[in-house]
Amino acid sequence: MSNRLKISKETSDKIIELQAPTNFTRNILVRLAIGLSLQDPSMPKIIKDKSSGGLDIDRFILTGEYDLVYKTLITQHAKMKLTDEEYFPDWFNAHLDRGIALLESEYKHAGNAEKFMINLLKRQEV
């Protein structure tokens, strides 16, 4: 069982870029990204090689006491039984990669942190 998540350099850079204007910590951005990715019914692309120099973050920092909830949501989205080793890091990372790209797009569309947060909240009303 892996307790570390190696994030691609590209995704890591996006997380770092979103931190300053939003004042969100890495773990909050990761959780938002996972949520956005799970709203897309298509399957994210699983990439096993994350040796490109990105962030390396502890599993508990990312999922906290809700790790089982994240595993359940990701497993339901995949529509198949996932082992713990498949869920983390492979599927979690796939949703993170896709979700951060979606989050970055949302921020660029909003233009500032306040509109970004309002737009994210409006997505939950649908």
Side-chain angles (χ1 to χ4, degrees):
M1 176 168 78
S2 176
N3 285 321
R4 304 292 299 173
L5 184 67
K6 291 183 187 234
I7 302 170
S8 72
K9 174 97 170 87
E10 181 182 351
T11 298
S12 296
D13 290 346
K14 288 176 184 178
I15 291 170
I16 292 166
E17 288 172 16
L18 286 168
Q19 277 185 281
T22 63
N23 287 322
F24 290 150
T25 60
R26 289 178 189 164
N27 61 318
I28 297 300
L29 289 168
V30 167
R31 292 172 188 183
L32 288 170
I34 297 294
L36 283 178
S37 180
L38 287 169
Q39 290 179 344
D40 182 338
S42 68
M43 295 301 154
K45 184 177 180 183
I46 295 179
I47 301 169
K48 299 247 182 193
D49 182 22
K50 294 292 179 186
S51 60
S52 59
L55 297 169
D56 186 325
I57 305 176
D58 183 79
R59 180 178 181 164
F60 186 75
I61 290 171
L62 298 175
T63 61
E65 63 189 83
Y66 301 106
D67 190 63
L68 183 58
V69 173
Y70 283 99
K71 182 178 181 185
T72 302
L73 290 170
I74 289 171
T75 299
Q76 286 178 339
H77 186 276
K79 296 182 174 109
M80 64 180 172
K81 184 175 178 156
L82 298 176
T83 66
D84 198 53
E85 290 76 24
E86 291 169 323
Y87 153 66
F88 200 96
D90 296 340
W91 281 83
F92 191 91
N93 219 344
H95 279 285
L96 173 58
D97 285 347
R98 179 170 70 179
I100 282 295
L102 293 169
L103 207 57
E104 178 187 48
S105 178
E106 283 284 335
Y107 183 81
K108 286 179 178 177
H109 175 73
N112 65 49
E114 183 179 350
K115 288 180 183 175
F116 171 69
M117 288 184 245
I118 290 168
N119 289 347
L120 287 179
L121 289 171
K122 284 181 180 178
R123 287 179 68 104
Q124 298 309 310
E125 294 172 1
V126 177

*asked:* Any heavy-atom pair between the side chains of F60 and N3 that's under 4.5 Å?
replied: no

*Shortest non-hydrogen separation from P21 to A113 and the atoms involved*: O-CB, 3.1 Å

*Roughly how far, to the nearest 0.5 Å, is NZ of K6 from CG of N93?*
11.5 Å

*Quick one: do K45 and R98 satisfy side chain to side chain contact (heavy atoms under 4.5 Å, CB included)? Show the steps, please.*
CA-CA 8 Å; K45 184 177 180 183; R98 179 170 70 179; over 6 Å; no

*Rounded to the nearest 0.5 Å, how far apart are CD of E17 and OG1 of T22?*
11.5 Å

*asked:* A78: which residues meet the side-chain contact (heavy atoms from CB on, under 4.5 Å) condition with it, sequence neighbours left out?
replied: M80, L82, W91

*asked:* If I take atom CG from residue L18 and atom CZ from residue F24, how far apart are they, to the nearest 0.5 angstrom?
replied: 9.5 Å

_L103 side chain reached by K14 side chain, heavy atoms, under 4.5 Å_ = no

*Distance in Å, L68 CG paired with T75 OG1, rounded so as to fall on 0.5 Å steps*: 9.0 Å

*Consider only side-chain heavy atoms of I, L, V, M, F, W and Y, link residues closer than 4.5 Å, and tell whether I118 and L102 are in one cluster.*
no

*Shortest non-hydrogen contact from N119 to A110?*
ND2-CB, 3.7 Å

*Less than 4.5 Å apart, any side-chain heavy atom of M117 and any of L120?*
no

*With distance as the sole test, does R31 use its side chain to make a donor-acceptor pair with the main-chain N or O of L62 at under 3.5 Å?*
yes

_L29-V69 co-clustered via ILVMFWY side chain contacts under 4.5 Å_ = yes

*Is any side-chain heavy atom of I57 closer than 4.5 Å to a side-chain heavy atom of R4?*
no

_Less than 4.5 Å apart, side chain to side chain, heavy atoms only: is that true for D97 and S8?_
yes

_Could you report the tightest heavy-atom contact between A94 and P44, atom names first, then the distance?_
O-CB, 3.6 Å

*Test log, rule salt bridge (charged side-chain N to carboxylate O under 4.0 Å, His left out), inputs R59 and D67*: CA-CA 8 Å; R59 180 178 181 164; D67 190 63; 2.8 Å; yes

*Taking all atoms of both residues into account, what is the closest heavy-atom pair of Y87 and Y70, and its distance?*
OH-CB, 3.4 Å

_Pairwise distance CG(D90) to CG(L5) - rounded to 0.5 angstrom_ = 9.5 Å

*Close side-chain approach of S37 and H77, heavy atoms under 4.5 Å*: no

*asked:* I need the K71 NZ to T63 OG1 distance, nearest 0.5 Å.
replied: 11.5 Å

*Less than 4.0 Å between a side-chain N and a carboxylate O, is that true for K9 and D13?*
yes

